[in-house]
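Working notes, beginning with the structure itself.
In this chain, numbering begins with 1 at the start of the sequence shown. Any value given below was found using the heavy atoms of this structure, including those in side chains, with hydrogens, waters and symmetry copies removed.
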Amino acid sequence: QVQLVESGGGLVQAGGSLRLSCVASIRAFTNYNMGWFRQAPGKEREFVGAINWNGGRTSYSDSVKGRFTISRDHHKNTVYLQMNSLKPEDTAVYYCAADRAVGPDPSGRDWYAYDFWGQGTQVSVSS
């Protein structure tokens with residue numbers, strides 16, 4: 001059974017930073033690519049970024065590229081999303097997801113490609 005638990009969300013002013021964490025209860029963490037998605041009220045779930053199984057490759061959406069960074073710690077079975085220069089439009093519930101790795105690249109940008117999901121953590125950015 002795979003469980004993903006996000007934390008680190010909160011309220012921050014525009015221009016501020018937050019770091020989200022996602023602890024994975026996975027027997028073989030390095031067998032999985034990890035992704036971050038977000039969903040704002042009334043909007044579809046949106047790809048934020050992804051990291052491949054060994055942390056060597058990442059991909060990001062254009063809206064967060066240069067501001068957000070994904071990393072992972074295999075000793076802690078944790079994936080992080082460092083968010084800098086936050087904007088009000090970043091306000092959403094953020095979810096981490098896991099997908100069994102096939103090949104060297106991160107998993108795709110489609111939410112349905114991922115097998116396991118966390119419960120989400122709220123990020124609110126005030127102007």
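Between the side chain of His74 and the backbone N or O of Gly55, no donor-acceptor pair lies under 3.5 Å. Although no hydrogens or angles enter the test, the distance criterion places no donor-acceptor pair under 3.5 Å between the side chain of Ser124 and the main chain of Leu11. Within the 3.5 Å criterion, the main-chain N or O of Gly56 finds a donor-acceptor partner in the side chain of Asn54. Between the side chain of Asn77 and the backbone N or O of Ser25 there is no donor-acceptor pair closer than 3.5 Å. Using modelled atom types, no side-chain atom of Gln39 and backbone atom of Val93 make a donor-acceptor pair closer than 3.5 Å. A donor-acceptor pair is defined here as one N or O able to donate and one able to accept, closer than 3.5 Å; such a pair exists between the side chain of Asn33 and the backbone of Trp53.
Between atom OG of residue Ser59 and atom CG of residue Asp105 there is a gap of 8.5 Å, rounded to the nearest 0.5 Å. Residue Arg38 holds its CZ atom at 4.0 Å from CD of Glu46, rounded to the nearest 0.5 Å. If you take OG on Ser85 and CZ on Arg67, they are separated by 7.0 Å, rounding to the nearest 0.5 Å. The CD atom of Gln13 lies 5.0 Å from the OG atom of Ser126; values are rounded to the nearest 0.5 Å.
Scanning both residues, Thr78 and Ser21, for their nearest heavy atoms gives CG2-CB, 4.2 Å.
In this structure, a donor-acceptor pair under 3.5 Å is present between the side chains of Ser17 and Asn84.
Ionic pairing of Asp62 and Lys65 is present here: one or more N-O contacts between side-chain nitrogen and carboxylate oxygen are shorter than 4.0 angstrom.
The environment of Gln3 atom CD is sparse: at most 12 non-hydrogen atoms of other residues, nucleotides or ligands sit within 6.0 angstrom.
Other residues sharing the hydrophobic cluster of Val125, ordered by chain and number and joined by side-chain separations under 4.5 Å: Val2, Leu4, Val12, Leu18, Leu20, Ile26, Phe29, Tyr32, Met34, Trp36, Val48, Ile51, Tyr60, Val64, Phe68, Ile70, Val79, Leu81, Met83, Leu86, Tyr94, Phe116, Val123.
Figure legend: Arg45 and Trp117 shown as a cation-pi pair, the cationic atom lying under 6.0 angstrom from the six-membered ring centre and within 45 degrees of its axis.
Centroid-to-centroid, the aromatic rings of Tyr95 and Phe37 stay 6.0 Å apart or farther.
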